[in-house]
Amino acid sequence: FPVTIWADKIIGPIELRTYREGDYFYPLGMKGKKRLSDYFIDEKINEFEKKRIPLLCNNQKIMWIAGHRLDERYKVTNTTTKILRVDIAKKQS
């Protein structure tokens with residue numbers, strides 16, 4: 001599932017990593033932050049899977065839970081001038 005991110009909001013390095021204890025993000029469409037562990041419980045994602053889901057991060061901030069949810073702070077709006085389109089493919093066995 002590809003995602004479109006407001007590129008002007010990206011400052012510093014982009015990192016692709018997996019879940020770490022204490023991670024949080026601002027879910028698209030919601031006000032306030034949410035712990036990633038709570039999000040995974042709400043979405044019925046088990047312990048094994050949550051450790052395999054890629055997280056696209058910028059300066060330690062989660063921008064996108066790959067294939068799941070974008071962070072509200074990086075959504076494209078009518079004032080967006082630059083976008084970044086990201087698509088992560090599953091590894092072929």
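What you see is a predicted model, and the numbers here were worked out from it, not measured in a lab. Residue numbers run from 1 in the order of the sequence given.
His68 contributes atom NE2, which lies 14.5 Å from atom CG of Leu28 (distance to the nearest 0.5 angstrom). Atom NZ of Lys34 sits about 10.5 Å away from atom CG of Leu36, to the nearest 0.5 Å. Between atom CH2 of residue Trp64 and atom CG of residue Leu16 there is a gap of 9.0 Å, rounded to the nearest 0.5 Å. Taken to the nearest 0.5 Å, the OG atom of Ser37 stands 15.0 Å off from the CZ atom of Arg20. Taking CG from Asp23 and CG from Leu55, the interatomic distance works out to 6.0 Å, rounded to the nearest 0.5 Å. A distance of 10.0 Å separates CE in Met30 from CD in Glu72, rounded to the nearest 0.5 Å.
When all heavy atoms are compared, the tightest approach of Gly32 to Pro27 is O-CD, 3.8 Å. Here the closest heavy-atom approach between residue Arg17 and residue Gln60 is recorded as NH2-O, 4.2 Å. For Lys9 against Asn58, the heavy-atom pair with the smallest separation is O-OD1, 3.9 Å. Summarising the geometry of Asp71 relative to Tyr26, their closest heavy-atom pair is OD2-N, 2.9 Å, with the distance given to 0.1 Å.
Side-chain contact between Thr79 and Trp6 is present, with heavy atoms from C-beta onward closer than 4.5 Å.
Annotation: cation-pi geometry satisfied between Lys50 and Tyr19 (NZ/CZ under 6.0 angstrom from ring centroid, within 45° of ring axis).
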Exercise for the section: Give the intermediate values and the outcome of side chain to side chain contact (heavy atoms under 4.5 Å, CB included) for residues Lys51 and Thr18. Expected result: CA-CA 6 Å; Lys51 293 177 182 173; Thr18 55; 5.7 Å; no
Problem - Audit row: Tyr39, Arg69, side chain to side chain contact (heavy atoms under 4.5 Å, CB included) steps and yes/no - result: CA-CA 10 Å; Tyr39 173 78; Arg69 195 90 170 253; 3.6 Å; yes
Handout entry: side chain to side chain contact (heavy atoms under 4.5 Å, CB included) assessment of Tyr74 paired with Val3
Key = CA-CA 10 Å; Tyr74 295 92; Val3 68; over 6 Å; no
Practice task
In sequence, state the C-alpha distance, the side-chain angles, and the governing distance for Ile62 and Tyr24, and then conclude on side chain to side chain contact (heavy atoms under 4.5 Å, CB included).
Solution key: CA-CA 7 Å; Ile62 296 171; Tyr24 67 90; over 6 Å; no
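Two different hydrophobic clusters hold Phe25 and Val76 under the rule that ILVMFWY side chains link at heavy-atom gaps under 4.5 Å.
For the side-chain contact (heavy atoms from CB on, under 4.5 Å) test with Thr4, the passing option among Ile83, Thr80, Leu70 is Ile83; the others fail. For the side-chain contact (heavy atoms from CB on, under 4.5 Å) with Ile14, the qualifying choice from Ile5, Val86, Leu56 is Leu56, the only one to do so.
Residues meeting the salt bridge (charged side-chain N to carboxylate O under 4.0 Å, His left out) test with Arg52, sequence neighbours left out: Glu49.
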